[in-house]
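So that the names make sense, note that chain A is the first sequence line, chain B the second, and so on, each numbered from 1. Side chains included, hydrogens not; waters and symmetry mates left out as well; all remaining heavy atoms used.
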Number of protein chains: 2
Amino acid sequence: MPRKTTTDKTPRAKTSASAGRFSYDGLDRVLHEKARLGILASLAANPDGLLFNDLKQLCVLTDGNLSRHLTVLHEAGLLETWKGTTGPRPQTMCRLTANGQRRFAEYITVLEQVVADAQRDAQPATTPPLSKRRSPA
Amino acid sequence: MPRKTTTDKTPRAKTSASAGRFSYDGLDRVLHEKARLGILASLAANPDGLLFNDLKQLCVLTDGNLSRHLTVLHEAGLLETWKGTTGPRPQTMCRLTANGQRRFAEYITVLEQVVADAQRDAQPATTPPLSKRRSPA
DNA sequence: CACAATACTTTGTATTATAAAGTTATCACA
DNA sequence: TGTGATAACTTTATAATACAAAGTATTGTG
């Protein structure tokens with residue numbers, strides 16, 4: 001006689017209560033980080049590139065912090081850096097790579113999903129309650 | 001004679017290129033985490049609460065992981081847990097606190113801002129380029 | 001030429017996400 | 001009734017990593 005396992009395989013509603021419905025796999029660790037998200041958003045808003053100092057101010061980051069995050073993004077192939085000079089001072093210019101633009105756009109798509117999920121909840125509860133009682137004693 | 005500092009106080013455009021424009025201060029560390037974001041979204045979608053196992057499946061988390069994140073959220077006052085039994089087994093029921101609902105809603109507002117920023121970029125560049133050259137040699 | 005400032009980079013530390021192992025209790029069955 | 005399996009978590013340990021503090025190299029200034 002098959003025992004009733006608690007990890008039931010009953011079909012459920014696939015739409016809003018399926019397994020993995022809220023796992024948000026697309027939230028890549030590299031992109032889903034406050035500081036780096038700000039950096040990417042800044043660069044996406046300025047396709048022709050930004051200087052180290054611009055990013056520092058736009059994202060309110062310390063030098064070391066920004067440097068580290070840029071390295072991470074660079075190693076992930078999301079941005080490219082160009083070393084040059086503006087006037088007498090050395091400057092680092094950053095811009096998104098084509099890949100970076102695509103990855104960022106994909107990430108934003110997931111964020112839209114998160115927002116959409118949350119907005120659905122604001123509605124008067126169209127979703128059926130999940131697993132109120134599953135096996136009364 | 002006042003030296004020209006690079007941290008310039010020039011007004012700039014306050015709308016889209018001001019300092020801190022992309023710092024996203026509202027992205028609270030407790031909420032801005034893949035796993036916890038999934039948990040919160042799940043609970044927001046099910047205001048009458050979810051069981052430990054429901055969350056485990058919805059968010060695809062291991063037991064230990066989920067347990068830890070629930071503790072963090074609980075300590076932050078975002079959710080409350082109720083220990084009971086469903087049939088013979090002990091069960092933990094989780095639901096958002098009023099505070100948790102509010103904080104989550106606030107967080108979602110920031111996400112909307114992020115998405116809006118990114119969507120603005122998709123437009124043919126209405127924003128003026130920031131700091132192309134600031135002090136020609 | 002000393003001193004301050006710019007534009008970063010490197011190093012260290014403290015947090016923490018995740019996995020692995022442990023705990024308690026129930027159930028099936030021999 | 002005792003032994004192993006399973007459920008439902010919790011605790012501990014480890015591997016990442018975000019952040020800050022200190023370091024480096026160059027330039028400008030009196």
Rounded interatomic separation in angstrom, taking [atom1] from [X] and [atom2] from [N]:
X	N	atom1	atom2	answer
Q91(B)	dT6(D)	CD	C1'	14 Å
E33(B)	dT15(C)	CD	C1'	13 Å
K56(B)	dT10(D)	NZ	P	12 Å
D63(A)	dA18(D)	CG	C1'	16 Å
L61(B)	dT10(D)	CG	P	14 Å
Y24(A)	dA17(C)	OH	P	18 Å
L73(A)	dA18(D)	CG	C1'	13 Å
H74(B)	dC9(D)	NE2	P	14 Å

Reckon [X] has a side-chain N or O less than 4.0 Å from the OP1 or OP2 of [N]?
X	N	value
K34(A)	dT17(D)	no
N65(B)	dA19(C)	yes
N53(B)	dA7(D)	no
T62(B)	dT18(C)	no

Assess the side chains of [X] and [Y]: does a donor N or O sit below 3.5 Å from an acceptor N or O?
X	Y	answer
N99(B)	R102(B)	yes
Q113(A)	D117(A)	yes
D25(B)	S23(B)	yes

When the nearest nucleotide of DNA chain D is assigned to G64(A) and to V72(A) on a heavy-atom basis, which residue is associated with the more 5' position?
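Counting from the 5' end, the first nearest nucleotide belongs to V72(A).
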Under 4.0 angstrom, heavy atoms only, what part of the nucleic acid is S67(A) near: base, sugar-phosphate, or nothing?
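Contact class for S67(A): base.
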Sugar-phosphate, base or nothing in reach of T92(B), heavy atoms under 4.0 Å:
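If one applies the 4.0 Å heavy-atom cut-off, T92(B) turns out to touch the sugar-phosphate alone, with no base involved.
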From dT27(D), dC19(D), dT6(D), pick the nucleotide closest to the side chain of R89(A)?
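Selected nucleotide (nearest to the side chain): dT27(D).
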From the set dT9(C), dT18(C), dA18(D), return the single nucleotide nearest to any side-chain atom of H69(B).
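Of all the options, the side chain of H69(B) is nearest to dT18(C).
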Heavy-atom side-chain proximity of L51(B) to T92(B) below 4.5 angstrom
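Not touching, per the 4.5 Å side-chain cut-off.
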Look at the rings of F104(A) and Y107(A) and say which category their plane angle falls in: under 30° parallel, 30 to 60° tilted, over 60° perpendicular.
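Parallel: the ring planes of F104(A) and Y107(A) meet at under 30°.
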If each of K83(A) and R36(B) is mapped to the nucleotide of DNA chain C with the nearest heavy atom, which maps nearer the 5' terminus, i.e. the 5' end?
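The residue closer to the strand's 5' end, by nearest nucleotide, is K83(A).
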